[in-house]
Trainee: 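Dumping the structure here so I can ask a few things about it.
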Amino acid sequence: MKRIAFATLVALSFSAGLVAQGGQTAQATPPPPPDPRVGLKAGFRDAGTAARNMVLVSSLPKPEGFDDPDGSKGLTFANSDIAFGHDTLYLGNFYGINFYDVEDPSKVRLKTSIPCQGGQGDVSVYGKLLFMSVEATSGRIDCGPAPVVAPAPPAPNAAGAAAPAGRGGRGAQQAPDPNRFRGVRIFDISDPLKPKQIAAVQTCRGSHTHSLVTSAKDKDNIYIYGSGTSGVRPGEELAGCVADENDPNTSLFSIDVIKVPLASPEKAAVVNRPRIFADEATGALGGLWQGGNHGAGTQTSRMTNQCHDITVYPALGLAAGACSGNGILLDISDPAHPVRLDDVADPNFAYWHSASFNNDGTKVLFTDEWGGGTSPRCRATDLPTWGADAIFTLTNKRLKFAGYYKLPAAQTETENCVAHNGSLVPVPGRDIKAQAWYQGGVSVFDFTDGARPVEIAFFDRGPLSDTKLIVGGYWSTYWYNGYIYASEIARGLDVLKLTPSDLLTQNEIDAANLVKFTELNVQSQPKIVWPAKFVVAKAYLDQLARSKAIPADRIDAAMKQISDVDAMPAGAARTAAAARLAPLAAAFTKDAATAKGQDAARLKALAAVILAAK
Amino acid sequence: MLSLTALPLAIVALIFQTAPPSIVKPGAPGQPSTTLSAPPPSPAPKHTAADTKFMQGMIHHHAQAIEMVELLKTRTTRKDMQLLGKKIEVSQNDEIKMMKNWLKDRGEDVPMDHGGGQMMLMGAGGGMMAPMPGMLTEKQMAALAAAKGPAFDKLFLEGMIQHHIGALTMVEELFGTPGAGQESIIFDFASHVDADQRMDISRMRAMLQTKDKK
């Protein structure tokens with residue numbers, strides 16, 4: 001009886017999800033072939049793999065001293081986030097950082113290992129500076145191992161003495177230790193073979209993640225937004241830290257703004273702890289997600305009080321924060337003083353984890369890390385609206401829900417799987433993201449229509465074990481200069497590449513590959529501008545053919561005209577031929593006036609690139 | 001001097017030769033780094049008695065939440081309550097599984113269900129487990145089981161908020177014990193319990209203000 005009620009509930013929820021995604025209803029089409037990601041063989045080095053529209057280019061196991069093949073050390077040696085600078089990939093790990101030479105993506109080479117524990121090891125790079133997040137209580141200022149602490153005397157199985165009420169953070173009573181480090185480390189990497197720690201900025205809750213903020217108006221400094229999700233340290237260990245959430249000076253309900261003077265980065269310091277959750281009307285520090293009169297047994301407030309991750313988009317002067325119970329939008333035009341512009345909640349979200357803007361800044365995609373990343377949340381029984389991405393439109397600095405996206409292939413009980421970190425794949429005219437789903441692999445999808453995201457490509461391995469859940473899979477999958485680099489928590493570093501298909505043409509891939517970064521920190525989103533090349537025009541034409549915005553014969557004719565010019569060698573003849581494409585551009589400009597939505601934008605951009613390409 | 005046959009081999013070796021990685025142990029800020037010949041041995045912090053007690057206690061604690069959700073399935077008409085119940089059930093069932101594995105892997109005693117909301121430990125110092133912080137009393141559970149409709153909804157939400165706050169207290173106790181909560185899995189898990197249950201509490205408080213949402 002209970003089971004029947006349960007099944008009904010699931011069915012109801014599924015249909016509710018469909019309505020939320022634009023009122024589509026199920027159609028009487030034949031069932032699709034089984035997804036090749038289902039039923040893959042388990043294994044550490046010999047797991048089965050499935051791929052569509054992308055290939056694995058190379059794979060490098062974790063280096064000596066950072067590996068844990070049987071998973072018995074938990075997250076101690078887990079690979080985490082990635083940053084890029086020129087030909088070097090900086091791979092964070094709970095036990096330090098590894099530098100990889102990726103000049104030849106098919107032969108990735110380990111350059112430098114820095115053992116330095118403290119987790120999560122979130123990394124960012126800026127010129128010769130490398131930043132690293134440390135949150136765990138085991139972190140030490142000099143990267144040394146934590147002192148051995150005598151185990152606490154065995155306690156009886158009773159509940160024990162009640163903890164003081166109203167203490168807002170964990171670790172509040174941890175014995176003070178002057179050598180403990182929790183915060184953001186700064187390394188000088190001018191000699192990449194011998195990095196040197198130049199600063200270690202202590203914060204009250206440590207740094208779970210951080211984001212690098214630049215400002216065109218303040219070129220002498222960069223800023224780091226540190227998000228702490230862990231316990232508050234005692235004031236005796238770090239002056240000014242206050243764990244009590246009812247204290248007006250509480251270290252909860254804020255982020256850490258660290259100012260880094262570029263002329264003397266060793267002087268980096270926390271300059272602000274803005275109250276970005278505060279209620280404007282009442283001044284209450286935790287203004288978001290409150291329920292008013294909380295009823296019996298709810299005396300202490302215990303509310304959501306932190307951001308997990310913030311993605312900044314300096315070119316827009318905006319940041320999107322994934323802040324436990326809410327998605328928030330911040331004005332960062334004054335980077336030291338971010339101001340909240342909007343906030344949203346979602347009934348299906350358990351834990352707001354991370355955010356990405358689309359390149360135009362007209363959408364924000366938030367992820368829900370339901371289960372914290374160590375749980376299996378992509379089973380056939382897990383709702384497609386839970387542990388998913390929620391896509392919001394961003395208009396006039398207001399967020400509005402559009403739809404959900406979740407990995408469309410069921411994973412097993414022994415695979416931790418939920419929405420995690422990804423980056424944009426810079427295909428002009430489309431919003432495409434390559435996203436990590438832990439042991440669900442990588443899913444590349446189009447969210448140009450936020451209400452109807454579509455998967456383009458994937459790569460997935462079988463579970464690490466088919467008898468028990470060992471935490472592993474992709475932490476981050478980021479596109480960088482033509483390749484998708486994937487940080488595998490347990491197995492190492494993978495390099496992948498997109499292959500052409502109906503869903504993504506060679507022209508679109510080539511146009512994306514024109515984008516060359518010299519540095520990339522995904523949570524510090526760069527504005528992508530495509531060079532005026534004919535292949536960009538071809539990519540738009542492919543898209544207009546796919547959406548049927550322009551009749552096929554006109555697309556074919558335009559493609560031929562453009563290809564003919566593009567085939568010519570550089571010189572006066574080519575320049576003259578390119579100039580003769582002006583009427584073609586004019587025709588597309590005319591089409592743009594009556595086209596709808598994204599196609600109008602594509603037509604305008606197409607006309608512009610035809611005129612500009614030489 | 002290289003012989004003619006050795007020369008090609010030397011060239012091949014040169015092409016494929018890759019410099020060994022530089023292993024660098026940083027110093028404190030401003031202090032020089034040290035180059036090492038091999039990474040230092042595993043620093044993985046070991047679990048402590050307080051960690052074990054936390055995991056055992058949390059299994060007991062979570063088991064009551066599952067019992068409460070069982071009651072919810074037949075006693076509420078609110079869809080938002082049903083969804084909340086499902087979320088709690090899925091989350092806490094998985095976490096129980098994870099905690100049992102964690103204890104088993106470390107050779108620690110796994111609590112056994114003794115029926116009627118009772119849990120038992122077999123090993124040294126074992127026996128019936130005392131209630132964990134925030135757990136509903138037998139009387140509260142009976143009142144919940146006897147209620148229906150809006151009265152049930154109110155009791156459930158208040159009871160689950162009380163229950164969740166107890167979990168936060170358990171996390172505080174764990175991290176407040178010297179040396180405890182440092183092993184990576186337990187650090188991650190306890191941090192997650194804290195964040196997750198705070199979210200649920202906020203959500204449930206909002207639901208207490210909403211009368212009926214079918």
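Chain naming here is simple, since letters A, B, ... match the order of the sequence lines and numbering starts at 1 in each.
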Trainee: Between P63(A) and chain B, with a heavy-atom cut-off of 4.5 Å, which part of the residue counts as in contact: side chain, backbone, both or neither?
Mentor: neither
Trainee: Checking the side chain of H163(B) only, and the main-chain atoms of H61(B) only, is there a donor and an acceptor separated by less than 3.5 Å?
Mentor: yes
Trainee: Below 4.5 Å, heavy-atom pairs only: which of D105(B), D196(B), V193(B) has the largest tally toward chain A?
Mentor: D105(B)
Trainee: Please work out which of the three classes, parallel, tilted or perpendicular, describes the rings of F66(A) and Y95(A), given edges at 30° and 60°.
Mentor: tilted
Trainee: Taking every heavy-atom pair that is under 4.5 Å apart, which of R379(A), K111(A), R377(A) has the most such pairs with chain B?
Mentor: R377(A)
Trainee: Most heavy-atom pairs under 4.5 angstrom with chain A, which of G85(B), S33(B), P32(B)?
Mentor: S33(B)
Trainee: So which atom in M119(B) and which in P111(B) form the shortest heavy-atom distance, rounded to 0.1 Å?
Mentor: SD-CB, 3.8 Å
Trainee: Within the 4.5 Å heavy-atom criterion, are E369(A) and W352(A) side-chain neighbours or not?
Mentor: no
Trainee: Given that the side chain runs from C-beta out, which part of F99(A) has a heavy atom under 4.5 Å from chain B: side chain, backbone, both or neither?
Mentor: neither
Trainee: For Q120(A), is it the side chain, the backbone, both or neither that has a heavy atom under 4.5 Å from a heavy atom of chain B?
Mentor: neither
Trainee: Under 6.0 Å between the ring centres of W370(A) and H353(A)?
Mentor: no
Trainee: Any non-hydrogen side-chain atom of H60(B) less than 4.5 Å from a side-chain atom of Q64(B)?
Mentor: no
Trainee: Applying side-chain contact (heavy atoms from CB on, under 4.5 Å), run through K97(B) and D94(B) and close with a yes or a no.
Mentor: CA-CA 5 Å; K97(B) 216 180 282 177; D94(B) 285 339; 4.3 Å; yes
Trainee: Answer with side chain, backbone, both or neither: which region of A199(A) has an atom nearer than 4.5 Å to a non-hydrogen atom of chain B?
Mentor: backbone
Trainee: Working note: E183(B) + I185(B), criterion side-chain contact (heavy atoms from CB on, under 4.5 Å); need CA distance, chi angles, decisive distance, verdict.
Mentor: CA-CA 6 Å; E183(B) 192 236 17; I185(B) 288 278; 3.8 Å; yes
Trainee: Tell me, side chain or backbone of E64(A) under 4.5 Å from chain B's heavy atoms, or both, or neither?
Mentor: both
Trainee: Just give me the residue among S375(A), C116(A), P347(A), G119(A) that pairs up with chain B most often, heavy atom to heavy atom, under 4.5 Å.
Mentor: P347(A)
Trainee: Side chain, backbone, both or neither: which part of I114(A) has an atom under 4.5 Å from a heavy atom of chain B?
Mentor: both
Trainee: Which answer fits R185(A), side chain, backbone, both or neither, if we ask what part of it has an atom under 4.5 Å from a heavy atom of chain B?
Mentor: neither
Trainee: Hey, which of G65(A), G373(A), A78(A), G372(A) has the most heavy atom pairs under 4.5 Å with chain B?
Mentor: G372(A)
Trainee: Any donor-acceptor pair under 3.5 Å linking the side chain of S184(B) with the backbone of T76(A)?
Mentor: yes
Trainee: So which part of T374(A) gets closer than 4.5 Å to some heavy atom of chain B, the side chain, the backbone, both or neither?
Mentor: side chain
Trainee: Pick one of side chain, backbone, both or neither for K468(A), based on which atoms fall under 4.5 Å of a heavy atom in chain B.
Mentor: side chain
